[in-house]
Amino acid sequence: MSYVFSPPATVSLPVVGTTDRFPVHRIYCVGRNYAEHAQEMGYSGREAPFFFMKPADAVLPVENGEPVTMPYPSLTSNLHHEVELVVAISVGGSNIPAAEAHKHIYGYAVGLDMTRRDLQHQMKKEGRPWCIGKGFDHSAPTGPILPVSQASDISNAAITLSVNGQQRQTSTISQLIWNLGEVIEHLSAAWTLQPGDLIFSGTPSGVSAVVSGDTMVGSVEGVGSITVNLV
Ligand code: MN
């Protein structure tokens with residue numbers, strides 16, 4: 001059997017402590033999983049979070065300790081940063097109870113859910129899908145995956161993002177409305193999770209615009225930090 005053209009290469013992320021890489025299957029994202037971010041977006045912060053997706057090849061891998069370059073995307077004049085804790089799945093399953101979720105997690109990473117906010121707002125207003133606002137090329141800069149076996153307890157870790165050295169977002173993982181177990185429980189009720197899935201767990205308040213020339217540094221305490229230069 002041969003293909004009519006060469007299939008695309010598998011998107012992958014570095015893994016801390018090994019030269020082996022983590023192959024990416026799907027990218028799930030949780031919307032409005034921090035109350036203060038839901039409020040800054042015009043909601044009460046008391047509604048349940050929800051899900052959307054990005055294509056796997058939206059991942060912009062950030063190699064160990066190296067800054068990555070992200071091209072400013074087309075069609076927008078209001079590109080926003082959203083720093084997020086990313087959960088990497090290595091054991092698939094459906095209807096996973098929150099208490100069992102840890103058995104499915106390979107590790108953690110720092111990611112940016114980059115957003116064409118003007119297009120997202122326009123689509124929301126018209127009741128249309130968000131894909132053009134969220135799922136564009138290079139919209140998911142993601143750092144190396146820290147295996148759970150090497151990670152400390154991150155349930156109260158600080159999560160921060162700075163732009164050109166100035167802090168814009170700061171919170172802790174404990175502020176998540178749905179914790180990681182609850183995210184996996186809800187997500188796996190809707191889709192069968194597969195090895196290689198990434199889950200962007202939601203962003204804290206302080207999202208704002210970035211422009212070409214800006215440098216973003218996103219961090220999760222105990223997981224790592226990534227540097228993204230926007231050009
Ligand atoms: Mn987000």
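Computation of the quantities below employed the complete heavy-atom set of this structure, encompassing side-chain atoms and omitting hydrogens, waters and symmetry-equivalent molecules. Counting starts at 1 for both ligands and their atoms, in listed order.
For T215 and N229, the side-chain atoms include at least one donor-acceptor pair closer than 3.5 Å. No hydrogens or angles considered: a donor-acceptor pair under 3.5 Å links the side chains of S174 and T172.
Taking each heavy atom of S201 and N33 in turn, the nearest pair found is O-ND2, 2.9 Å. Considering all non-hydrogen atoms of both residues, A109 and G143 come closest at CB-O, 3.6 Å. In plain terms, the two heavy atoms of G92 and P195 that are nearest each other are N-CD, 4.0 Å.
The stretch residues 116-129 participates, sequence neighbours left out, in these salt bridge (charged side-chain N to carboxylate O under 4.0 Å, His left out) pairs: E82-R117, E126-R128.
Protein N/O/S atoms found under 2.8 Å from the Mn ion (ligand 1): E82 OE1, E84 OE2, D113 OD2.
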